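Below you'll find the structure, written out as structure tokens, and then a few comments.
No experiment lies behind these values; they were computed from the predicted model shown.
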Amino acid sequence: MGPRELKPPRGAEAGKARIHGTSTGARGWERLCRSKPAAMKRCYAELTGNPFPPSPTPRHHRLKGKLRNFWEYEVSGGDRVRYKRGPGGELGVVYAGSHPSDAR
């Protein structure tokens, strides 16, 4: 099964862009939307408005090294959404959940 469109967090305004996710990314996204609704509304607004900022922000940055094709958004102190740009420029969430050990 290929990527599926992710639902915005409850109460979020529809964004300019659509967000898709792998099955792992979608499951984590849904869990974070339930457990951190306000933080995920901010995350959704950022990812649909400016998913690939030209310079890092306090919560939003491009990863380095072997993960250089990925971006990460800090939802909360311990939770992250990791994503990348698809072949058509679309945003694809590959992970959402507690801080991945490979990025520490």
Side-chain angles (χ1 to χ4, degrees):
M1 177 182 251
R4 66 177 198 202
E5 187 172 344
L6 302 181
K7 294 179 184 176
R10 180 173 283 182
E13 295 291 323
K16 298 174 190 170
R18 293 184 174 162
I19 299 176
H20 292 83
T22 63
S23 57
T24 300
R27 281 191 304 273
W29 178 270
E30 290 165 4
R31 277 193 299 274
L32 286 176
C33 285
R34 285 191 303 274
S35 65
K36 308 258 193 284
M40 284 301 288
K41 280 174 66 174
R42 284 189 303 274
C43 174
Y44 180 77
E46 286 282 331
L47 297 188
T48 57
N50 188 19
F52 307 103
S55 59
T57 72
R59 292 194 174 265
H60 205 173
H61 60 276
R62 188 173 194 163
L63 298 177
K64 298 177 182 176
K66 67 179 180 167
L67 299 172
R68 68 184 173 275
N69 293 326
F70 294 88
W71 289 74
E72 199 166 80
Y73 184 87
E74 180 184 338
V75 175
S76 66
D79 297 309
R80 305 291 190 270
V81 171
R82 185 175 289 174
Y83 60 97
K84 65 180 182 173
R85 187 185 315 256
E90 69 280 2
L91 187 149
V93 172
V94 296
Y95 178 83
S98 61
H99 197 301
S101 61
D102 61 5
R104 290 182 184 160

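- Contact detail for Ala26 and Leu6: the closest heavy-atom pair is CB-CD2, 3.5 Å.
- The structure places CZ of Arg80 at 11.0 Å from OH of Tyr73, a figure rounded to the nearest 0.5 Å.
- The side chain to side chain donor-acceptor pair (under 3.5 Å) check on His60 picks up Tyr83, with sequence neighbours excluded.
- By the side chain to side chain donor-acceptor pair (under 3.5 Å) test, Glu90 pairs with no residue at all, sequence neighbours left out.
- Hydrophobic clustering of Ile, Leu, Val, Met, Phe, Trp and Tyr side chains at less than 4.5 Å, counting indirect connections, unites Leu67 with Val94.
- By the criterion of side-chain heavy atoms lying less than 4.5 angstrom apart, applied directly or through intervening Ile, Leu, Val, Met, Phe, Trp or Tyr residues, Tyr95 is not grouped with Val75; the two fall into different hydrophobic clusters.
- Among residues two or more places apart in sequence or in another chain, the side chain to side chain contact (heavy atoms under 4.5 Å, CB included) test is passed with Arg85 by Phe52.
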Name each donor-acceptor pair under 3.5 Å that joins a side chain in residues 31-45 to protein atoms two or more places apart or in another chain, with its distance.
| residue | atom | partner | partner atom | Å |
| --- | --- | --- | --- | --- |
| Ser35 | OG | Arg31 | O | 3.1 |
| Lys36 | NZ | Asp79 | OD2 | 3.4 |
| Tyr44 | OH | Gly15 | N | 3.2 |

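- The NZ atom of Lys84 sits 12.5 Å away from atom CZ of Arg68, with the distance rounded to the nearest 0.5 Å.
- With sequence neighbours excluded, no residue satisfies salt bridge (Lys or Arg N to Asp or Glu O under 4.0 Å) with Arg62.
- Applying the salt bridge (Lys or Arg N to Asp or Glu O under 4.0 Å) test to Glu13 and every residue at least two apart in sequence or in another chain returns nothing.
- A donor-acceptor contact shorter than 3.5 Å links the side chain of Trp29 to the backbone of Lys7.
- For the pair Leu47 and Ile19, the tightest heavy-atom approach, listed with the atom from each and the gap, is CB-CD1, 3.8 Å.
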